[in-house]
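Here the structure comes first, spelled out in structure tokens, and everything after it is commentary.
Just so we're on the same page: letters track the sequence lines, and every chain starts at 1.
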Number of protein chains: 2
Amino acid sequence: MNNLQRSAQTKKSIMEAATSLFAREGYDSTGVAEICERAGVSKGAFYYHFESKEAVFLALIDTWLNTLETTLNDVTYQAKSVPDGLLEMAGMMQPIFENNQFFMGLFLELWTHANRNEKVRQATIAPYRRFEETFTRLIKRGIEEGTLENVEPEIAGQLLLSLSSGFFLQASLETEQGNWGKKLQESIEILLNGMKRRN
Amino acid sequence: MNNLQRSAQTKKSIMEAATSLFAREGYDSTGVAEICERAGVSKGAFYYHFESKEAVFLALIDTWLNTLETTLNDVTYQAKSVPDGLLEMAGMMQPIFENNQFFMGLFLELWTHANRNEKVRQATIAPYRRFEETFTRLIKRGIEEGTLENVEPEIAGQLLLSLSSGFFLQASLETEQGNWGKKLQESIEILLNGMKRRN
DNA sequence: TAAAACATAACGACCGGTCGGTTTTTGGAG
DNA sequence: CTCCAAAAACCGACCGGTCGTTATGTTTTA
């Protein structure tokens with residue numbers, strides 16, 4: 001292995017180890033030594049590749065949110081109609097809900113530290129705003145194509161984002177594997193049709 | 001001051017100090033010494049009243065969730081119609097959203113540790129389920145009184161709970177004071193009316 | 001041979017919890 | 001009301017251990 005491959009491999013090992021440990025134990029409760037042990041590298045290697053423990057966390061946030069964003073964009077762009085797209089999106093979330101031990105824990109860790117650490121907050125807010133914009137754009141598209149009522153796009157976008165986030169939270173608390181993708185789908189169906197009785 | 005008052009006062013001081021510190025710095029980053037300093041008591045007093053740092057956290061969870069539950073129940077029982085009740089509830093959340101530096105931080109801390117610590121999980125899940133039931137009952141009532149469509153109460157209840165939780169999350173990230181109570185109201189209006197265009 | 005990549009041991013700060021001692025309150029006895 | 005001993009409440013120095021980071025040395029690649 002040449003230096004480039006070796007470096008990349010080590011870095012990858014560290015990030016993978018950190019991902020699962022942060023997700024399971026939390027950022028504060030996970031020690032650098034623990035990460036190193038699981039990654040099969042030494043502390044020297046760790047601090048050769050990362051400036052600090054925090055730097056690893058920030059790197060993880062970056063890759064994770066980018067993955068999520070790409071997935072989201074793919075789904076919304078490919079959908080024929082907007083209501084269909086929303087329902088598909090809910091289905092797409094299923095795999096994420098399923099590895100909850102992995103992602104849910106990281107998701108929570110992310111939110112918590114975004115509230116205290118300025119760097120984490122910055123790394124979180126930006127993609128989060130883009131999520132919101134994606135939803136808002138989707139709503140606008142739906143109104144234009146005539147499949148959605150004339151709701152306020154900003155409010156509806158925020159509604160969708162909150163609903164998704166709330167489902168993440170709920171799913172993280174449950175121990176048994178509920179079918180969260182389907183539950184989210186059914187919720188979105190209700191949202192599309194409305195709850196209030198018409199006369 | 002007699003012993004009863006003295007005890008109560010000290011305990012109160014400790015819990016208040018812990019509340020604001022946990023909310024701002026997080027559970028792990030807040031030291032017992034720090035809590036004691038802010039509360040104006042010594043470590044001896046702290047460990048006289050609480051078995052451990054965790055015990056304080058559990059006590060806080062208990063009082064906080066009870067407050068929230070009482071508020072929620074009051075609103076839903078007093079409402080004339082269910083759609084009105086839902087909108088009022090959203091308005092009632094406004095004061096909670098406003099002291100976000102206090103409550104939002106604690107909310108996040110609660111969720112994070114519920115995911116790792118079994119005791120915290122137990123203390124969280126029970127009231128959380130009751131929230132869900134309250135929402136579900138509300139939906140059933142709405143269907144019975146004829147103000148709501150014939151949606152599945154369990155799904156709709158979960159939807160409302162997720163939406164509320166998601167709003168808490170969002171509000172905790174924002175630095176500027178958005179009017180989250182009103183935003184939640186508008187979201188619920190959309191939810192009541194539905195988003196899909198009828199033909 | 002130089003530079004990159006990694007290993008190991010040790011440091012220093014911190015933190016939850018303990019423990020022996022001190023102050024304050026209590027509830028009678030005189 | 002006064003005194004006093006016991007219990008309750010509180011104090012604060014200290015311990016054992018952990019953890020992030022660093023300094024120094026070693027191996028691997030260029």
Separation of C:dT18 C1' from B:Y47 OH (nearest whole Å): 9 Å
Rounded interatomic separation in angstrom, taking CG from B:N3 and C1' from C:dT24: 8 Å
By salt bridge (charged side-chain N to carboxylate O under 4.0 Å, His left out) - contacts of B:E69 (at least two apart): B:R130
Sequence-distant partners of A:Y128, ring pair (Phe, Tyr, Trp, His ring centres under 6.0 Å), two or more places apart: A:W111
Residues which pass side chain to side chain contact (heavy atoms under 4.5 Å, CB included) with B:K119, listed by chain and number, not counting sequence neighbours: B:E54, B:L58, B:N117
Set of residues satisfying side chain to side chain contact (heavy atoms under 4.5 Å, CB included) with respect to A:E144, sequence neighbours excluded: none
A:R116: partners by salt bridge (charged side-chain N to carboxylate O under 4.0 Å, His left out), with sequence neighbours left out: B:E109
Restricting to nitrogen or oxygen on both sides, can you table the protein-nucleotides 12-19 of chain D pairs closer than 3.5 Å?
residue : atom : partner : partner atom : Å
D:dG12  : O6   : B:G44   : N            : 3.1

Between C:dC6 (P) and A:Q5 (CD): distance, integer Å: 12 Å
B:M1 CE to C:dT23 C1', straight-line distance once rounded to whole Å: 14 Å
Contact list for DNA chain D against residues 6-16 of chain B - heavy-atom distance below 4.0 Å: B:R6, B:S7, B:T10
Got a list of side-chain donor-acceptor pairs under 3.5 Å for residues 41-50 of chain A, not counting sequence neighbours?
residue : atom : partner : partner atom : Å
A:S42   : OG   : A:G44   : N            : 3.3
A:S42   : OG   : A:A45   : N            : 3.3

C:dC6 OP1/OP2 closer than 4.0 Å to side-chain N/O of A:H49: yes
Partner residues of A:R137 under the side chain to side chain contact (heavy atoms under 4.5 Å, CB included) criterion, sequence neighbours left out: A:Y77, A:E133, A:T134
Separation of C:dG20 P from B:Y48 OH (nearest whole Å): 18 Å
Between C:dA7 (P) and A:I35 (CD1): distance, integer Å: 15 Å
For atom CG of B:N2 and atom C1' of D:dA8, their distance in whole Å: 12 Å
Results of salt bridge (charged side-chain N to carboxylate O under 4.0 Å, His left out) for A:E145 - residues two or more places apart only: A:R141
Within residues 56-64 of chain A: residues closer than 4.0 Å to DNA chain C (heavy atoms): none
A:L148 vs A:L192 side-chain heavy atoms within contact, under 4.5 Å: yes
Listed partners of B:S13 passing side chain to side chain contact (heavy atoms under 4.5 Å, CB included), at least two apart: B:Q9, B:A39
A:K183 side-chain N/O to B:L159 backbone N/O, donor-acceptor pair under 3.5 Å: no
